[in-house]
Number of protein chains: 2
Amino acid sequence: MKEYTEQIDIYAQLLKILGDRTRMTIFSLLKVRELCVCELTDLLEVSQPAISQHLRKLKLLNVVKERKNGQWVYYSLREPKENERMLKAIIEHLPDLTDALKELDQKGISCKI
Amino acid sequence: MKEYTEQIDIYAQLLKILGDRTRMTIFSLLKVRELCVCELTDLLEVSQPAISQHLRKLKLLNVVKERKNGQWVYYSLREPKENERMLKAIIEHLPDLTDALKELDQKGISCKI
DNA sequence: TTATAATATAATTATATAATTATATATTAA
DNA sequence: TTAATATATAATTATATAATTATATTATAA
């Protein structure tokens with residue numbers, strides 16, 4: 001079996017990291033548009049450090065990227081490479097959270113956490 | 001957010017259960033053909049109770065089904081329903097373990113665990 | 001019937017994980 | 001400068017998970 005498990009390990013790790021409700025929500029939100037940590041903290045029901053730690057895992061897995069702008073750090077999905085077919089497929093089937101972000105936009109974000 | 005999280009929870013649980021190297025291997029093997037517990041135990045490097053426990057989780061998630069034949073229990077993938085798009089996509093992209101099973105067939109299975 | 005084989009379940013243990021609180025770092029504004 | 005904001009990291013705690021060993025259950029064979 002060992003000859004066959006390398007790819008399986010890679011996939012298993014991908015699914016394990018995405019297989020968490022908080023990270024899956026973050027991931028789905030970032031599919032809509034890039035968001036800063038304070039927006040994610042505002043949207044989800046966990047603390048800011050928890051968000052940062054989840055983002056670190058997603059970054060280690062190389063599925064999100066960050067962009068620094070002043071004191072804010074904006075995260076977004078990293079475009080999957082051509083050979084990352086499973087990741088692509090997962091992203092395609094993610095639930096659409098556009099409406100959840102519309103609510104955020106309407107009330108106007110207050111980044112005071 | 002709560003209005004949007006039901007589907008996310010379902011997906012997160014699916015990915016969490018499949019996001020384990022042992023279960024991902026079992027799942028990939030069952031994609032090739034149905035296998036009894038003793039064959040899976042023979043192929044993988046964990047104990048028979050561990051295999052049974054992983055199979056139970058996969059069955060709880062409703063992604064595998066079982067068929068009893070004498071003292072053997074054969075497991076196979078449950079055909080995903082039309083609306084289970086993400087599961088379908090994952091199955092499609094699973095690594096092909098046909099060769100690993102050929103080796104098993106050649107040496108002739110000895111179900112003495 | 002008794003023994004053996006295949007599988008499942010229970011109990012236990014060790015490890016991993018997610019969350020919180022506390023604190024550090026960096027950036028901007030007063 | 002000093003204060004406040006945004007984010008990251010560290011330490012801790014509570015919980016979940018995967019594995020093992022031991023045992024139970026069921027089916028077949030001697």
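The chains referred to below are lettered A, B, ... by the order of the sequence lines, with proteins before strands, and numbering in each begins at 1.
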Counting only Watson-Crick pairs (N1-N3 plus N6-O4 or O6-N4) and G-U wobbles (N1-O2, O6-N3), all under 3.5 Å, who is the partner of D/dA19?
C/dT12

Does the side chain of B/I51 come within less than 4.5 Å of B/L55's, by heavy atoms?
yes

Within this structure, what is the CG-CZ distance for the pair A/L44 and A/R21, rounded to the nearest 0.5 Å?
9.5 Å

Record whether the side chain of B/Q71 comes under 3.5 Å of the base of C/dT7 through a donor-acceptor pair of N or O atoms.
no

Do any of residues 16-26 of chain A sit with a heavy atom less than 4.0 Å from DNA chain D, and if so which?
none

Salt bridge check, A/R78 against A/E84: does any charged N sit closer than 4.0 Å to a carboxylate O?
yes

To the nearest angstrom, how far is B/W72 atom CH2 from C/dA5 atom P?
11 Å

Atom NE2 of B/H54 and atom P of C/dT7 are separated, to the nearest Å, by 16 Å

Would a 4.5 Å heavy-atom cut-off, applied to side chains only, mark A/Y4 and B/D99 as touching?
yes

Determine yes or no for a side-chain-to-main-chain donor-acceptor pair under 3.5 angstrom, with A/R67 supplying the side chain and A/Y75 the backbone.
no

Output yes when A/E82 and A/K88 qualify as a salt bridge under the 4.0 Å nitrogen-oxygen rule, no when they do not.
yes

Intermediate values then yes/no, side-chain contact (heavy atoms from CB on, under 4.5 Å), B/T41 and B/E39:
CA-CA 5 Å; B/T41 304; B/E39 285 172 311; over 6 Å; no

Looking at CG of A/L94 and CD1 of B/I8, how far apart are the two atoms once the value is rounded to the nearest 0.5 Å?
7.0 Å

Which atoms of nucleotides 8-15 of chain D (N or O only) lie under 3.5 Å from a protein N or O atom, and what are those distances?
residue	atom	partner	partner atom	Å
D/dA8	OP1	A/Y75	OH	2.8
D/dA8	OP2	A/S52	OG	2.8
D/dA8	N7	A/Q48	NE2	2.8
D/dA8	N6	A/Q48	OE1	3.3
D/dA10	N6	A/Q53	NE2	3.3

At 4.0 Å (heavy atoms only), tell me whether B/K57 reaches a base, stays on the sugar-phosphate, or touches nothing.
sugar-phosphate

Please give, in whole Å, the distance from D/dT28 P to B/K68 NZ?
9 Å

